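This report concerns only the one structure given below.
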Amino acid sequence: MAVVREFTLPDLGEGLTEATIVQWMVEVGEVVAVDQPVVEVETAKAMVEVPCPYGGVVTARFGKEGAEVPVGTPLVTVAVGAVPDDLAGTGPSAHGPAAGAPAPDGAPADTAEAGSGNVLVGYGTSAAAARRRRIRPGGATGPAAGAPRPAQQVPAAGQDSSGAEAAGAPGAEAVATAGERTGANGSAAARATDAGSRTVAVISPLVRRMAREHDLDLREVTGSGRDGLILRTDVECAIRTRQERATAGAGVTDGVGAATGSTMAGSLTAPGPVTTPTGAAASTGEERIPLRGMLGAAAEKFSRSRREIPEATCWVDADATGLLAARRAMNVPGAPKVSLLALLARITTAALARFPQLNSTVDTKTQEIVRLPAVHLGFAAQTDRGLVVPVVRDAHTRTVEDLSAEFARLTETARAGGLSLAELTHGTFTLNNYGVFGVDGSTPIINHPEAAMLGVGRIAAKPWVHDGELAVRQVVQLSLTFDHRVCDGGTAGGFLRFVADCVEQPALLLRGM
């Protein structure tokens with residue numbers, strides 16, 4: 001007999017109390033395996049796929065895409081032990097015991113009771129994790145989206161036998177069926193994965209959602225990313241082009257389309273749901289963007305940093321010609337490539353070893369400065385979802401090659417929206433290379449609760465006095481924003497001068513080795 005189990009949003013760690021549903025990964029009536037991801041959520045820190053510790057048939061989903069869900073709120077209910085007989089051979093048993101089936105070697109009979117094996121902060125179990133596999137009714141080549149569900153499936157909780165959700169189901173929002181979302185006016189993103197269609201290179205769920213909301217067929221979009229990957233900018237451009245064509249035709253008749261088109265094009269930059277303006281705001285084309293998710297978390301952190309940290313900034317120009325020459329010498333054929341950011345990071349960790357006051361934080365409760373023994377180096381990375389700061393653990397112990405590889409891995413993971421909470425938190429010092437935006441200088445906001453941030457501007461050819469003569473050299477502006485509570489200007493100036501000297505003469509690093 002099937003037992004209905006309720007799975008709630010677990011504690012995602014780092015004091016997070018809520019998350020936003022980005023994308024449902026299962027449908028009502030779908031068979032799920034133990035540890036299969038059922039929903040993708042966005043927290044204030046990262047995107048997280050939430051796996052369900054139960055295996056069986058999904059009987060209900062709670063919450064629509066874009067809705068905020070507090071920790072402890074039900075996500076799905078699963079009928080454990082209700083997997084149809086014709087699907088038993090294609091379920092998790094291929095890699096482990098099926099839900100509700102007897103386990104070998106005296107293991108607990110109920111897989112859900114024995115534990116899923118998947119550890120996500122807030123819940124987790126001890127059993128070995130089964131291989132994740134999505135199983136849809138009718139097997140891997142089941143009916144197309146929108147086709148009626150097989151008769152042997154368990155109706156969803158709060159639904160009648162026809163699959164229509166009963167009105168007033170307790171605590172649950174109406175959930176559209178696969179047929180409703182892929183009908184004549186359904187999702188273009190869903191159509192891109194129909195049988196017989198080519199594979200669409202899309203990683204970001206936000207890109208898929210944007211295409212779905214604007215009824216854009218991703219098969220018609222040419223990706224500008226690596227290996228044809230479709231980026232957010234590609235979708236924005238395709239939507240904007242389509243809107244311009246539509247408004248051009250409308251402008252011939254009433255001249256109103258151009259204004260409408262510009263308003264719609266402007267809304268594409270919104271990282272989350274946009275509140276439709278009403279009244280006077282609507283007439284002026286005003287747009288309101290909720291400060292939620294990562295955008296809201298960043299806004300709160302910026303504000304808190306300005307409120308709590310008495311910051312000051314100092315800067316200096318440096319001749320980076322020698323640093324660029326050192327990098328060219330390191331990047332010999334056949335050797336791992338060394339990035340400029342990795343060289344700057346190695347200089348930064350050496351400077352922090354000399355000036356440990358800047359690798360610290362202030363405990364406002366005890367009114368104490370806490371100097372930290374390890375350097376966990378954060379670096380600013382711009383992604384389609386906004387600015388994130390991945391953290392390289394124990395950067396002071398890594399070589400330049402190791403730092404370069406870790407920067408590349410974290411940057412690629414950040415752009416794919418796959419950074420974990422551990423990779424985004426507990427930094428002790430931040431390196432901000434804003435030179436990639438073509439600017440010389442900046443006074444950045446300290447990444448609270450850290451005590452300092454080193455900024456690096458663009459490296460550009462400029463006139464410079466070298467060996468007593470005027471020459472064209474590669475010059476960079478370095479800036480240090482620091483918490484004046486942890487040190488005075490002499491310490492900050494000494495740190496920045498050491499960094500500048502190493503940029504000009506990288507051989508100085510050999511003194512401390």
Side-chain angles (χ1 to χ4, degrees), residues 314-360 371-379 391-411 427-433 435-436 451-462 464-469 471-480 482 487 490-513:
C314 55
W315 58 89
V316 66
D317 289 339
D319 180 1
T321 307
L323 183 66
L324 296 178
R327 183 194 176 203
R328 286 193 299 270
M330 292 180 185
N331 287 334
V332 296
K337 293 295 183 183
V338 171
S339 68
L340 186 61
L341 187 63
L343 288 174
L344 292 168
R346 187 66 188 88
I347 292 173
T348 299
T349 57
L352 289 173
R354 290 193 171 212
F355 301 92
Q357 300 94 320
L358 293 167
N359 194 57
S360 62
R371 292 188 183 175
L372 305 169
V375 178
H376 302 315
L377 188 63
F379 66 99
V391 177
V392 178
R393 301 291 171 192
D394 298 312
H396 61 295
T397 65
R398 297 176 183 259
T399 65
V400 172
E401 287 185 357
D402 192 12
L403 285 168
S404 188
E406 186 67 357
F407 280 134
R409 183 190 71 82
L410 289 172
T411 300
T428 63
F429 188 94
T430 297
L431 179 60
N432 188 358
N433 181 20
V436 296
M453 176 184 294
L454 176 65
V456 182
R458 63 171 179 161
I459 300 178
K462 295 181 180 180
W464 188 266
V465 177
H466 178 68
D467 290 338
E469 295 182 358
V472 176
R473 306 286 287 181
Q474 299 296 321
V475 180
V476 62
Q477 185 181 97
L478 305 170
S479 64
L480 177 69
F482 62 98
C487 69
T491 300
F495 174 93
L496 189 58
R497 188 64 257 173
F498 178 81
V499 171
D501 290 343
C502 289
V503 167
E504 295 183 343
Q505 302 179 59
L508 290 177
L509 285 175
L510 297 176
R511 286 184 178 179
M513 302 180 94

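Just so it is clear, the structure is predicted and the values come from calculations on it, not from any experiment. Below, each value reflects all heavy atoms present in this structure, side chains not excepted, and no hydrogens, waters or symmetry copies.
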* **N/O donor-acceptor pair under 3.5 Å between Thr349 side chain and Thr397 backbone** =>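 Not confirmed, Thr349 side chain does not pair with Thr397 backbone.
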With sequence neighbours excluded, tell me which residues meet side chain to side chain contact (heavy atoms under 4.5 Å, CB included) with [X].
X: Ala329; answer: none
X: Ala451; answer: Ser360, Asp483, Val486
X: Thr428; answer: Asn359, Leu372, Val375, His376
X: Lys462; answer: Asp440, Ala460, Val475

Distance-minimising heavy-atom pair for [X] and [Y]:
X: Gly322; Y: Pro506; answer: O-CG, 3.8 Å
X: Lys337; Y: Ser404; answer: O-OG, 3.2 Å
X: Pro336; Y: Asn331; answer: O-OD1, 4.0 Å
X: Ala318; Y: Glu504; answer: CA-OE2, 3.5 Å

* Qualifying salt bridge (charged side-chain N to carboxylate O under 4.0 Å, His left out) pairs, either residue in residues 399-408, two or more places apart -> Arg398-Asp402, Glu406-Arg409
* Pairs meeting criterion salt bridge (charged side-chain N to carboxylate O under 4.0 Å, His left out) with involvement of residues 319-328, two or more places apart -> Asp319-Arg473
* **side chain to side chain contact (heavy atoms under 4.5 Å, CB included) partner of Asn433, chosen from Leu454, Val456, Leu340** =>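 Filter result, single survivor: Val456.
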* Sort out for me which residue in Leu403, Leu343, Val332 forms a side chain to side chain contact (heavy atoms under 4.5 Å, CB included) with Val338. => Leu343
* **Set of residues satisfying side-chain hydrogen bond (donor to acceptor under 3.5 Å, both in side chains) with respect to Thr411, sequence neighbours excluded** =>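 Thr411 satisfies side-chain hydrogen bond (donor to acceptor under 3.5 Å, both in side chains) with no other residue.
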Is there a side-chain contact between [X] and [Y] in this structure, where contact means two heavy atoms from C-beta onward sitting under 4.5 Å apart?
X: Phe482; Y: Thr491; value: no
X: Leu323; Y: Val476; value: no
X: Leu377; Y: Thr430; value: no
X: Trp464; Y: Asp317; value: yes
X: Leu344; Y: Val503; value: yes

* State whether the number of non-hydrogen atoms from other residues, nucleotides or ligands found under 6.0 Å of Trp315 atom CH2 is greater than 12. => no
Show which side-chain atoms of residues 492-502 pair as donor or acceptor with protein atoms under 3.5 Å away, not counting sequence neighbours.
residue	atom	partner	partner atom	Å
Arg497	NE	Asp501	OD1	3.1
Arg497	NH2	Asp501	OD1	3.0

* To do: Can you measure from CD (Gln505) to OG1 (Thr321) and round to the nearest 0.5 angstrom?
  => 12.0 Å
* Those residues that, when tested against Phe355, pass ring pair (Phe, Tyr, Trp, His ring centres under 6.0 Å) (two or more places apart) -> none
